[in-house]
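Counting starts at 1 for both ligands and their atoms, in listed order. Here, residue 1 is the first one in the sequence, and each next residue gets the next number. None of these values were measured; they are calculated from a predicted model.
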Amino acid sequence: MGVPLLDLSRQYDYLKDDLNAAVCRVMAHCGYILGPEVKELEQAIAELCNVGHARGVASGTDALLLALKAAGICPGDEVITTNFSFFATAGVVSRLGAKPVFVDIEPDTYNIDPNLIEQAITAKTKAIVPVHLFGQCADMDPINEIASRHGLKVIEDAAQAIGSEYKGKQAGSMSDFGCFSFYPSKNLGAAGDGGIVVCDDKEYDDLVDILRLHGSKPKYYHRIVGYNSRLATLQAAVLLVKLPYLDGWSRKRIEHAGIYNEAFADLDTVRTPVVKEYTTFHIYNQYTIAVPERDKVQQFLRERGIGNEIYYPVPFHMQDCFSDLGYAADDFPVTRKAAAEVLSIPVYPEMTESEQQEVIAAVREAVAAVAV
Ligand SMILES: *Cc1c(COP(=O)(O)O)cnc(C)c1O
């Protein structure tokens, strides 16, 4: 039969009437830029994240870019981040003329290893950007403790973690800024690009607001050089329809993860996701296993029509665009091992029971086949 990695058309099927009506309302009121739906969504997301402020921006990438800029990151500064994430996390640092400094990850969570952060700090370090990868928060307490001891800003890349919780605290609410993405494949996805920056500090929030409007306040008076980066009103309207479903969707993902965990428990060769004791809510934006002979397993699943993806095949320090940073290929052993072993399989809320059984059977056959 085959099972897709993600099937957004099923979501559209049951939300069709509400989504179409919401889009039509925006088309008719014509407030396409920063219209009322954007304000409404910002308030709802601030409430969800338990923070004072939220500003809709054009993408998750821009959320990171504007947050770093608002945090005062300048050319020549160093920003510490994980070596294992989506490209945007590191790319935005370079785009500001700053230098990304990579830190290896924990082998079980794939998140930045707090024990390795301090040795990466120099006189030029200005900020730490932890990523809550796959929907589980990084170990924020030690990260924040190190940051406060060294006077560093902390910006959470929570693009994959909306609604996720660390010791009962919301992803994005535990540092200077939380950055979210509404890319369609995230747990809360728009019908195109979108993102949001959350924070508690009123001055930071004002800065993000100005930065998304070319640095102007009032209009046509530019205090700083900013960007053109607004969340489209149409996207905010789509997101407002979907937001009430988010918690239920994440719970469905957790349920699917539990079924996988049980189904693979007897296999030595399949490492299922590790949920730390500090994780009070893991939203499973991805369900990611680690297997030996990963590329062969992937090929087997492809032939069976089982959707899967490698997040991420190339650690940052091995990307061509970062070759000038001076890392050696054999730096970061934990990241390299993860990049060679990880495989994400379908976990989306609308996946049926029989589809999940098909994925389970295929994974079991695949690892048995590559073992011989
Ligand atoms: C998706 C994602 C981003 C970027 O978000 P976009 O909305 O695609 O720009 C940044 N960081 C991580 C970890 C992501 O998964």
So do K252 and Y245 actually touch side chain to side chain, heavy atoms under 4.5 Å?
no
Hey, are the side chains of K276 and D108 touching, using non-hydrogen atoms and a 4.5 Å cut-off?
yes
Side-chain contact, heavy-atom cut-off 4.5 Å: F87 with C321?
yes
Are the side chains of Q235 and D193 in contact, using a 4.5 Å heavy-atom criterion?
no
Ion pair D62/R212, N-O distance below 4.0 Å
no
Considering only N or O atoms, set out every pair between ligand 1 and the protein closer than 3.5 Å, with distances to one decimal place.
unit_1	atom_1	unit_2	atom_2	d
ligand 1	5 (O)	S181	OG	3.2
ligand 1	7 (O)	G60	N	2.8
ligand 1	7 (O)	S181	OG	2.6
ligand 1	9 (O)	G60	N	3.4
ligand 1	9 (O)	T61	N	2.8
ligand 1	9 (O)	T61	OG1	2.5
ligand 1	11 (N)	D157	OD1	3.3
ligand 1	11 (N)	D157	OD2	2.8
ligand 1	15 (O)	Q160	NE2	2.8
ligand 1	15 (O)	K186	NZ	2.9

Does the separation of the ring centres of H317 and F332 fall below 6.0 angstrom?
yes
